[in-house]
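Below, all heavy atoms of this structure are taken into account, side chains as well, without hydrogens, waters or symmetry copies.
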Amino acid sequence: MDCINKTTIITTSQTLSSSSFSAGGSTAAPPSSPPVVPITPCAACKILCRRCIDKCVLAPYFPPTEPLKFTTAHRVFGASNIIKSLQVCTQRSWKRPYGVGLLVGGLDESGAHLYYNCPSGNYFEYQAFAIGSRSQAAKTYLERRYGSFTDSSRGSLLKDALFALRETLQGEKLTSTNCTVAVLGIGEPFHMLDKDTIQGLINEFELAGEEAPAASTDAAADAESAVPEAVAPTNEGAAPMDI
């Protein structure tokens, strides 16, 4: 999850423990040598006298039990043309079968920039963005706050980045052990914050967030005490409004 202002880029990510990769937190069994499974060559490779690999493009179309099928196709089209026709869907520049999403941030003369490279190969510039598991919760938080990022300070940007990451934890408490924070800015080379610094920021921001509702409650109580007593309603038997 990344967010930027005019001069600074903040990157946060969730750090998964090794137990989260095992089902139910159980200890995974030690790796063992994979069993040796003999590969039966497909009819095409057998006729062409070539080694049939595990992911042979011809095997799904010419199984070992149908040699006549490949012989007929080879006589009409040729083996090289058959292979090209099977691979053409992976050779189009506008259609990528595999890809990965990336968040790329950098600085130039105009300030900080954040780009999202989607698996299709296209890229888009954002003020803030999140990718990965449960990233929709972080996106919802960022959509409410990104309008103030341009003029926000470095500390405020760190606070919003950590709060957005906290939205993705699904009830788990945000600590320095389950998150990573990196900072890049003008006059500030790329570096990752140590765990003590991250935990200090989390404690500071969470304390400020908990004090805000209490302060608003006190203000509401003062405002209520300042309001003069209202005239008693004429219908004394009416029930109060449900809240």
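- Val104 and Phe124 sit in two unconnected hydrophobic clusters of ILVMFWY residues. Membership requires side-chain heavy atoms under 4.5 Å apart, directly or through other members.
- Taking the salt bridge (Lys or Arg N to Asp or Glu O under 4.0 Å) definition, one finds that Asp2 meets it with nothing, sequence neighbours left out.
- Here the closest non-hydrogen pair linking Ile9 and Gly105 is CD1-C, 3.7 Å.
- Here salt bridge (Lys or Arg N to Asp or Glu O under 4.0 Å) pairs that include residues 5-15, with residues two or more places apart or in two chains, are Lys6-Asp151.
- In this structure a side-chain-to-backbone donor-acceptor pair under 3.5 Å is missing from Gln127 to Cys3.
- Not counting sequence neighbours, Tyr141 has no partner by the ring pair (Phe, Tyr, Trp, His ring centres under 6.0 Å) test.
- Hydrophobic clustering, with ILVMFWY side chains joined whenever heavy atoms are under 4.5 angstrom apart, groups Leu169 together with Leu158.
- Considering only residues two or more places apart in sequence or on other chains, Ser135 meets the side-chain contact (heavy atoms from CB on, under 4.5 Å) condition with Ala130, Lys139.
- Distance check: Asn81 CG to Lys84 NZ gives 6.0 Å after rounding to the nearest 0.5 Å.
- With sequence neighbours excluded, no residue forms a side chain to side chain donor-acceptor pair (under 3.5 Å) with Ser152.
- Applying the salt bridge (Lys or Arg N to Asp or Glu O under 4.0 Å) test to pairs two or more places apart or on separate chains, those with a residue in residues 171-189 are Arg154-Glu188, Lys173-Glu206.
- The hydrophobic clustering, which links ILVMFWY residues whose side-chain heavy atoms are closer than 4.5 Å, places Met192 and Leu201 apart.
- For the side chain to side chain contact (heavy atoms under 4.5 Å, CB included) criterion with Ile10, the lone passing option out of Leu157, Leu184, Leu162 is Leu157.
- Among all heavy-atom pairs drawn from Ala128 and Leu114, the shortest one is CA-CD2, 3.9 Å.
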Distance-only criterion, 3.5 Å: show the donor-acceptor pairs between side-chain atoms of residues 57-72 and protein atoms not counting sequence neighbours.
{"residue": "Lys69", "atom": "NZ", "partner": "Tyr61", "partner atom": "O", "Å": "3.2"}
{"residue": "Thr71", "atom": "OG1", "partner": "Pro67", "partner atom": "O", "Å": "2.9"}
{"residue": "Thr72", "atom": "OG1", "partner": "Leu68", "partner atom": "O", "Å": "3.0"}

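- Residue pairs that meet the side-chain hydrogen bond (donor to acceptor under 3.5 Å, both in side chains) test with at least one member in residues 100-115, sequence neighbours left out, are Asp108-Ser110, Asp108-His113, Ser110-His113, His113-Glu125.
- Side chain of Asn178 to main chain of Thr175: a donor-acceptor pair is present (N/O by atom type, distance under 3.5 Å, no hydrogens or angles).
- A chain of hydrophobic side-chain contacts below 4.5 Å, direct or via other Ile, Leu, Val, Met, Phe, Trp or Tyr residues, connects Val183 to Phe205.
- Applying the side-chain contact (heavy atoms from CB on, under 4.5 Å) rule to Thr140 yields the partners Gln136, Arg144; only residues at least two apart in sequence or on another chain are considered.
- Residue Ile83 is grouped with residue Phe77 when hydrophobic side chains (ILVMFWY) are merged at heavy-atom distances under 4.5 angstrom, including chains of intermediate members.
- When the side chain to side chain donor-acceptor pair (under 3.5 Å) test is applied to Ser148, no partner is found at least two apart in sequence or on another chain.
- Side-chain contact check for Leu142 versus Phe149: some heavy-atom pair is nearer than 4.5 Å.
- Annotation: side-chain contact (heavy atoms from CB on, under 4.5 Å) contacts of Ile198 (sequence neighbours excluded): Ser176, Cys179, Val181, Leu193, Ile202.
- For the pair Asn5 and Thr150, the minimum side-chain heavy-atom distance is 4.5 Å or more.
- Residues satisfying the side chain to side chain donor-acceptor pair (under 3.5 Å) test with Thr197, not counting sequence neighbours, are Asp194.
- For the atom pair CZ of Arg134 and CD of Glu167, the computed distance is 12.0 Å after rounding to the nearest 0.5 Å.
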